[in-house]
Visitor: 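Can you keep this structure in mind? I'll have questions shortly.
Note that this is a predicted model, so its numbers are computed, not measured.
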Amino acid sequence: MTKIRFFFLYVIMLLLQFLLSTQTLHAQEYIQEYIDTVNNFEPLQNKIPFDTTKNSKSILTSSTVTNGNYQLPNYQDTINHNPRKHFARAATEWFMFQALPASFNYFIRKDPYSHITLNNWFKHLKPNAWAWDDNAFATNQIAHPYHGQLYFNAFRSNNYSFLQSSAATLAGSFIWETAGETQAPSINDLVNTTYGGIILGEITHRISQNVLSRPTSSLAERQGKEVLAFFINPVNGLNRLLDGRWGRVVKGAVIDSSTVRAEVDFGFRRFDTKDLDIITKGKTDYFVRLSLIYSNDDIENKKPFDDFYVNLEVGGDDSSFVNTVNVYASLYGKRVLKNLPGRHLGVLSANYDFYHNEAFFYGAQSMNYNVISTFSLGGKNRLTTTLGGGPVILAAVPDPYLLFGESRNYNYGPGVDVRGSGEISVLNRFKFGAQYHGGYFVTLSGNESHYFLHTASISGSLRLLKNFSLNMNSGYFRLEGNFKDYPDVNKSYPFARLSLGYNVLF
């Protein structure tokens, strides 16, 4: 067994040596190729007619064409600056994200489940070998998607397409489930790692590339930009170091055509899960919310992740520090209902939802078809509505009567969900909105049961200064569990929030 361990470590060291030596040798070649790619683009003012009138529908702004900057057209992939694919490096990194946790489990933790053999692997390849695992809620719903995005970005940051990188994520998850541990391969891990990893991977890829594409005027700005992008997407930062592109300047700046809007809210929320009386008997604690909107808004034919939205809320709730994570990402979109008033876009979206509050926890990955409509109400006033729904691929819902294995106290199953929202903007200063998300789930793994989920809220916002706003929000979460062999369980979480928000357009 000792010889096998040393042989395994020796193989890893050889792969690392190959990775570093190969990329160092060709770093200048990659830099020159990147420069040549950039120089193939003509300035915008030489290629695209530009209208600076106030009512222009052009996707360009005056800042886009100043200072000799360059921009890729919206119908091209604005992320793929360097089209050359590096399979050897991508495959090596992909393998390392398998080998490093496996080695940690084997050598450091000395986990008996890490003693995998060829016989285990052959058994795991049989369809009837697959089962549901007993990992904790946060492990399955957060840690596994993060591991999946490492597989994804191993290929995406080496210039492979979204679909190719998605296939690499599925392959990585499958290999880990069948050859990473002696435990039976897990159905829920395959879904969470693959689907969640693809969503998180493309989001971190696009945001990091948006940061890197911004022109800078000093060494300090360039280094700051590189560090920020590295924290967002470490795999891409590693490859920039290996290519020798970290902090370097090329002739002409390639500007990402997307926009990124962010809002940070800090305030207080009041809730009560026992008497449902938030006025006289509720609890009060702080919360911080980050909302991020990435958009190529004027593109009518949407490609994967041309638009996405991320909502993250943390706070002093005594159940969990991370209370809410919502992700919406477009997979395909097209203009619809052209004969009706307003502008309507039909979008197929990938969705990820995570709730963890004092009343209950819930996590799910779903796919929805949405109709997003915008109506002009005259002047600077508009109405935006969204109506959507679709299948829930896999939901994790709490079960107070279940202890599956060592740590699982929730059921797994598929379902359907519906979503609707409306927001009125008045004079670009006042906003009033209402949102609803409902779902129905059937248990496949756990006690025989089915569930209904309801989340509803109303909100108001007043812009105080250019970037600051006063925000109010009130609503409730409700989860109804109906069990065949146990009493039904209903959990509610009414809340009210008051916060100060800071908005910025990147």
Visitor: If the condition is side chain to side chain contact (heavy atoms under 4.5 Å, CB included), which residues does Val191 pass it with, not counting sequence neighbours?
Guide: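 With neighbours one apart ignored, the set is Gln365, Ile393, Leu394.
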Visitor: Are a donor atom and an acceptor atom from the side chains of Gln435 and Ser457 found within less than 3.5 Å of each other?
Guide: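 Checked: Gln435/Ser457 side chains pair up, N/O donor to acceptor below 3.5 Å.
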Visitor: The criterion is salt bridge (Lys or Arg N to Asp or Glu O under 4.0 Å); which residues satisfy it with Arg335, sequence neighbours excluded?
Guide: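 For Arg335 the salt bridge (Lys or Arg N to Asp or Glu O under 4.0 Å) partners, ignoring immediate neighbours, are Glu300.
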Visitor: Quick check for you: to the nearest 0.5 Å, what is the distance between Asn467 atom CG and Glu263 atom CD?
Guide: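 Atom-to-atom, Asn467:CG and Glu263:CD are 10.5 Å apart.
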Visitor: Which pair of heavy atoms, one from Asp285 and one from Gly316, lies closest together, and at what distance?
Guide: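 That closest heavy-atom pairing would be OD2-C, 3.3 Å.
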Visitor: Would you check if Tyr502 and Asp265 make a side-chain contact, meaning some heavy-atom pair closer than 4.5 Å?
Guide: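 No; the side chains remain at least 4.5 Å from each other.
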Visitor: Tell me every residue that passes side-chain hydrogen bond (donor to acceptor under 3.5 Å, both in side chains) with Thr204, counting only those two or more places apart in sequence or in another chain.
Guide: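 Partners of Thr204 by the side-chain hydrogen bond (donor to acceptor under 3.5 Å, both in side chains) criterion, ordered by chain and then number, come out as Asn153.
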Visitor: Would you confirm whether Ser459, through its side chain, and Asn473, through its main-chain N or O, come within 3.5 Å as a donor-acceptor pair?
Guide: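 Judged by distance alone, no pair lies under 3.5 Å.
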Visitor: May I ask you to check whether Asn105 and Ser114 show a side-chain donor-acceptor distance below 3.5 Å?
Guide: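 No donor-acceptor contact under 3.5 Å links the two side chains.
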Visitor: Looking at every heavy atom in both Lys85 and Asn159, which two are closest together, and how far apart are they?
Guide: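 Lys85 and Asn159 have their closest heavy atoms at CG-O, 3.5 Å.
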Visitor: Does any non-hydrogen side-chain atom of Asp243 lie less than 4.5 Å from one of Arg89?
Guide: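 Yes, side chains in contact.
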Visitor: With rounding to the nearest 0.5 angstrom, report the CD to NE2 distance, Gln141 to His356.
Guide: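 NE2 of His356 is found 10.5 Å from CD of Gln141.
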Visitor: Does the separation of the ring centres of Tyr362 and Phe441 fall below 6.0 angstrom?
Guide: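 Ring centroids of Tyr362 and Phe441 are less than 6.0 Å from each other.
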Visitor: Only pairs under 3.5 Å count here: list side-chain donor-acceptor contacts from residues 166-176, not counting sequence neighbours, and write none if there are none.
Guide:
from: Ser166; atom 1: OG; to: Phe162; atom 2: O; distance (Å): 2.7
from: Thr169; atom 1: OG1; to: Ser165; atom 2: O; distance (Å): 2.9

Visitor: Sequence neighbours excluded, which residues qualify as side-chain hydrogen bond (donor to acceptor under 3.5 Å, both in side chains) partners of Ser461?
Guide: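 Expected list: Asn471.
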Visitor: Under 3.5 Å, side chain of Gln209 to main-chain N/O of His205, donor-acceptor pair present?
Guide: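 It does not hold such a pair.
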Visitor: Among Asn409, Leu479, Asn411, which one satisfies side chain to side chain contact (heavy atoms under 4.5 Å, CB included) with Pro398?
Guide: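 Exactly one pass, corresponding to Leu479.
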Visitor: Answer yes if the side chains of Arg289 and Ser291 hold a donor-acceptor pair under 3.5 Å, and no otherwise.
Guide: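 Checked: Arg289/Ser291 side chains pair up, N/O donor to acceptor below 3.5 Å.
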Visitor: Phe287 ring centre to Arg497 NZ or CZ under 6.0 Å, with the angle to the axis within 45°?
Guide: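 Yes - Arg497 lies over the ring of Phe287, closer than 6.0 Å to its centre and within 45° of its axis.
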Visitor: Are Leu444 and Tyr412 side-chain neighbours, meaning at least one heavy-atom pair lies under 4.5 Å?
Guide: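 No, too far: nothing below the 4.5 Å cut-off.
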Visitor: Is there a side-chain contact between Tyr410 and Asn140 (heavy atoms, below 4.5 Å)?
Guide: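 The answer is yes, as the side chains (C-beta and beyond) meet within the 4.5 Å cut-off.
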Visitor: Roughly how far, to the nearest 0.5 Å, is CD1 of Ile232 from CG of Leu212?
Guide: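 If we round to the nearest 0.5 Å, Leu212:CG and Ile232:CD1 are 8.5 Å apart.
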Visitor: How far does CZ of Phe308 sit from CD1 of Ile207, to the nearest 0.5 angstrom?
Guide: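 Those atoms lie 4.0 Å apart.
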Visitor: Closest heavy-atom contact between Thr182 and His124?
Guide: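 Minimum heavy-atom contact is O-NE2, 3.3 Å.
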Visitor: Determine, stepwise, if the pair Ile203 / Tyr309 fulfils side chain to side chain contact (heavy atoms under 4.5 Å, CB included).
Guide: CA-CA 9 Å; Ile203 286 176; Tyr309 165 80; over 6 Å; no
Visitor: Using a 6.0 Å cut-off, check whether atom CZ of Phe87 has over 12 heavy atoms from anything other than its own residue.
Guide: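 No, CZ of Phe87 has 12 or fewer neighbouring heavy atoms, counting only those of other groups under 6.0 Å.
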Visitor: With the side chain counted from C-beta on, respond yes when Ser469 and Asn503 share a heavy-atom pair under 4.5 Å apart, and no when they do not.
Guide: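 The answer is yes; the side chains approach within 4.5 Å.
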Visitor: Are the side chain of Asn311 and the backbone of Asn326 linked by a donor-acceptor contact shorter than 3.5 Å?
Guide: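 The answer is no, because no donor-acceptor pair under 3.5 Å joins these two groups.
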Visitor: Between Ser349 and Tyr328, do the side chains contain an N or O donor and an N or O acceptor separated by less than 3.5 Å?
Guide: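 No - no donor-acceptor pair under 3.5 Å links their side chains.
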Visitor: Does anything in residues 223-232 form a side-chain hydrogen bond (donor to acceptor under 3.5 Å, both in side chains)? List the pairs, not counting sequence neighbours.
Guide: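 Qualifying pairs, neighbours excluded: Gln223-Trp246, Glu226-Arg240.
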Visitor: Here's a test for you: under ring-ring contact (aromatic ring centres under 6.0 Å, His included), which of Phe477, Phe360, Phe361 qualifies with Tyr355?
Guide: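 The residue from Phe477, Phe360, Phe361 that satisfies ring-ring contact (aromatic ring centres under 6.0 Å, His included) with Tyr355 turns out to be Phe477.
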Visitor: For residues Asn210 and Ser213, report the shortest heavy-atom separation together with the two atoms involved.
Guide: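 Taking Asn210 first and Ser213 second, the nearest heavy atoms are O-OG, 3.0 Å.
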Visitor: Check whether any side-chain heavy atom of Phe104 lies under 4.5 Å from a side-chain heavy atom of Leu100, and answer yes or no.
Guide: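 Sidechains of Leu100 and Phe104: no contact.
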Visitor: Quick one: ring pair (Phe, Tyr, Trp, His ring centres under 6.0 Å) partners of Tyr332, sequence neighbours excluded?
Guide: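 Residues passing ring pair (Phe, Tyr, Trp, His ring centres under 6.0 Å) with Tyr332: none at all.
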Visitor: Heavy-atom distance under 4.5 Å between the side chains of Trp121 and Leu118, does that happen here?
Guide: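 Yes - at least one pair of side-chain heavy atoms lies under 4.5 Å apart.
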Visitor: According to the salt bridge (Lys or Arg N to Asp or Glu O under 4.0 Å) rule, which pairs have a member within residues 408-418, sequence neighbours left out?
Guide: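 Residue pairs passing salt bridge (Lys or Arg N to Asp or Glu O under 4.0 Å), neighbours aside: Asp417-Arg419.
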Visitor: Which residue pairs pass the salt bridge (Lys or Arg N to Asp or Glu O under 4.0 Å) test with at least one member in residues 122-138, sequence neighbours excluded?
Guide: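 Pairs touching residues 122-138 that pass the test: none.
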Visitor: Partners of Asn135 by side-chain hydrogen bond (donor to acceptor under 3.5 Å, both in side chains), sequence neighbours excluded?
Guide: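 Result, side-chain hydrogen bond (donor to acceptor under 3.5 Å, both in side chains) vs Asn135: none returned.
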Visitor: In Å, rounded to the nearest 0.5 Å, how long is the span from NE2 of His144 to OG1 of Thr194?
Guide: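 Nearest 0.5 Å value for the NE2-OG1 distance: 11.0 Å.
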Visitor: Does Glu313 reach the main-chain N or O of Asn323 with its side chain, forming a donor-acceptor pair under 3.5 Å?
Guide: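 Not at all, since once roles are kept as given, no pair shorter than 3.5 Å links the two residues.
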Visitor: Donor-acceptor pair, Asn158 side chain versus Ala154 backbone, under 3.5 Å?
Guide: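 The answer is yes, because a donor-acceptor pair under 3.5 Å joins these two groups.
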Visitor: Between the side chain of Tyr286 and the main-chain N/O of Val314, is any donor-acceptor distance below 3.5 Å?
Guide: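 No: the side chain of Tyr286 does not pair with the backbone of Val314.
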Visitor: Mind checking whether Leu200 and Tyr352 have side chains closer than 4.5 Å, heavy atoms only?
Guide: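 Heavy-atom side-chain distance check fails, nothing below 4.5 Å.
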Visitor: Taking all non-hydrogen atoms of both residues into account, name the closest pair between Ala129 and Pro185 and its distance.
Guide: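 Here Ala129 and Pro185 meet closest at O-CD, 3.7 Å.
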Visitor: Quick one: side-chain hydrogen bond (donor to acceptor under 3.5 Å, both in side chains) partners of Ser157, sequence neighbours excluded?
Guide: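 By the side-chain hydrogen bond (donor to acceptor under 3.5 Å, both in side chains) rule, Ser157 matches Asn239.
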Visitor: Looking at every heavy atom in both Gly247 and Arg222, which two are closest together, and how far apart are they?
Guide: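 Gly247 and Arg222 have their closest heavy atoms at O-NE, 3.2 Å.
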Visitor: Quick one: list whatever passes ring pair (Phe, Tyr, Trp, His ring centres under 6.0 Å) with Phe354, sequence neighbours left out.
Guide: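 Phe354: ring pair (Phe, Tyr, Trp, His ring centres under 6.0 Å) contacts with Phe137.
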Visitor: Judged by atom type as modelled, is there a donor-acceptor pair below 3.5 Å linking the side chain of Asp111 to the main-chain atoms of Tyr113?
Guide: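 Checking the backbone N and O of Tyr113 against the side chain of Asp111, a donor-acceptor pair under 3.5 Å is found.
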Visitor: To the nearest 0.5 Å, what is the distance between CG on Asp307 and CG on Asn296?
Guide: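 Going from the CG atom of Asp307 to the CG atom of Asn296 covers 6.5 Å.
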